[in-house]
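Side-chain atoms are counted along with the backbone in the values below, which use heavy atoms only and exclude waters and symmetry mates.
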Amino acid sequence: LGDNPAHEIYAQTKESHKKVLITMTNKLLEHHKGIGAVYPILGNHEGLPVNNLDVNENKQNWFLDFIADLWSPWLTPSSISSMRKCGYYTQLHPGSNLRIIGLNSLLQDGMNSYMWSNNTDRCGELVWLKETLEYSEKHNQPVIILGHYSPFTGWSIREWSKRYLVLIDRYSNIIRAQLFGHTHSDNFQIMFSNTPNEISGVALEHPSLSSNSELHPSY
């Protein structure tokens, strides 16, 4: 769920950043070979510098090209194309009608300076999410949403989070899970519906493999 690079943010370079991501990807490829799918997600520490990623659907980005190629063993051709463009993707889990939606949390990151010119729906992620959920509903596809930031984190842009929660409420009938990371803690968050006394969803925040900061590693 994102944040493969170490949190030594002032010691990172483009080459060291790429080396870490290559190493982590190769380890996962080796471990999961033939036993299951992996659905990778960008975290705020994938940005270089941290929290920053210039995502513009009309402009090529070296990092998105790099990460789309690196993660291509797990992604469909359409997902790879979407990753190159905006850093998010969707595809069906092999052998099922379960739809995986992988968000790019850097598009809701209030610390991402590239968001300041459009901080509500950079690269059309929320419009794309609505269209994807609508398609899944029409085709009876259950959905799992993956991301790095949950909509409740203080790092998430407030207006983005509000619009996201409206979509969760509307399509709660097909959303089976929302899985996030970032906090390094094992938490869950309840999302309440606009309908009184109803819950529209639950977001699970998964703990980190790292003990940073002053926590027990989740393994």
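- When the ring pair (Phe, Tyr, Trp, His ring centres under 6.0 Å) test is applied to Tyr135, the partners found at least two apart in sequence or on another chain are His139.
- Residue Arg158 places its CZ atom among 12 or fewer non-hydrogen atoms of other residues, nucleotides or ligands, all under 6.0 Å distant.
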Worksheet item: Step by step, would you call Ile67 with Leu21 a side-chain contact (heavy atoms from CB on, under 4.5 Å)?
Response: CA-CA 8 Å; Ile67 206 70; Leu21 289 165; 4.1 Å; yes
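- Shown here for Ile174 and Ser136, the closest heavy-atom pair between the two residues is CD1-CB, 3.9 Å.
- Using a 30° and 60° split on the angle between ring planes, Phe66 and Phe63 fall in the tilted class, from 30° to 60°.
- A continuous path of ILVMFWY side-chain contacts below 4.5 Å connects Trp62 to Ile22, so both sit in one hydrophobic cluster.
- Neither side chain, Tyr164 nor Glu159, offers a donor N or O lying under 3.5 Å from an acceptor on the other.
- Taking CD1 of Ile145 as the start and CD1 of Ile41 as the end, the distance is 10.5 Å to the nearest 0.5 Å.
- Nearest heavy atoms, Gln91 versus Leu75: OE1-CA, 3.5 Å.
- Taking each heavy atom of Ser172 and Asp169 in turn, the nearest pair found is OG-O, 3.3 Å.
- His31 has its side chain out of reach of Lys27: every pair of non-hydrogen atoms, C-beta onward, lies at least 4.5 Å apart.
- By the 4.5 Å heavy-atom criterion applied to side chains, Leu133 and Val143 are counted as neighbours.
- Under the side chain to side chain donor-acceptor pair (under 3.5 Å) criterion, Glu125 pairs with no residue, sequence neighbours left out.
- Aromatic ring centres of Trp74 and Tyr39: separated by at least 6.0 Å.
- Contacts of Thr25 classified as side chain to side chain donor-acceptor pair (under 3.5 Å), with partners at least two apart in sequence or in another chain: Trp71.
- Arg170 is linked by a side chain to side chain donor-acceptor pair (under 3.5 Å) to Glu137, counting only residues two or more places apart in sequence or in another chain.
- Inspection of the Ser79 and Ser82 side chains reveals no N or O donor paired with an N or O acceptor under 3.5 Å.
- Interatomic distance, Tyr89 OH to Leu42 CG, rounded to the nearest 0.5 Å: 9.0 Å.
- Residues Lys85 and Cys123 approach most closely at O-SG, 3.9 Å, considering heavy atoms.
- One finds no salt bridge joining Lys19 and Glu15 here, because no Lys/Arg side-chain nitrogen approaches an Asp/Glu carboxylate oxygen to under 4.0 Å.
- Between atom CG of residue Asn61 and atom CE of residue Met83 there is a gap of 10.5 Å, rounded to the nearest 0.5 Å.
- Following chains of ILVMFWY side-chain contacts shorter than 4.5 Å, one can reach Val202 starting from Leu98, so the two form part of one hydrophobic cluster.
- Note that CG of Leu146 and CD1 of Ile100 are 6.0 Å apart. Values are rounded to the nearest 0.5 Å.
- Minimum interatomic distance between Leu126 and Leu167 (heavy atoms only, all atoms of both residues): O-CD1, 3.8 Å.
- With sequence neighbours excluded, no residue forms a side chain to side chain donor-acceptor pair (under 3.5 Å) with Ser81.
- At least one donor-acceptor pair closer than 3.5 Å links the side chain of Asn104 to the backbone N or O of Cys86.
- When the side chains of ILVMFWY residues are joined at heavy-atom separations under 4.5 Å, either directly or via intervening members, Phe180 and Val38 end up in a single hydrophobic cluster.
- The line from CG of Asp69 to CZ of Arg84 is 4.0 Å long, rounded to the nearest 0.5 Å.
- His148 and Ser105 get closest at one heavy-atom pair: N-OG, 2.9 Å.
- Clustering ILVMFWY residues whenever any of their side-chain heavy atoms sit less than 4.5 angstrom apart, transitively, puts Tyr171 in a cluster other than the one holding Val127.
- Under the rule for a salt bridge (Lys or Arg N to Asp or Glu O under 4.0 Å), Lys18 has no partner lying at least two apart in sequence or in another chain.
- Between the side chain of Asn97 and the main chain of Asn140, a donor-acceptor pair closer than 3.5 Å is present.
- There is a path of hydrophobic side-chain contacts, each under 4.5 Å, that joins Ile80 to Leu29.
- Side-chain atoms of Thr90 and Arg99 form a donor-acceptor pair, as typed in the model, at a separation below 3.5 Å.
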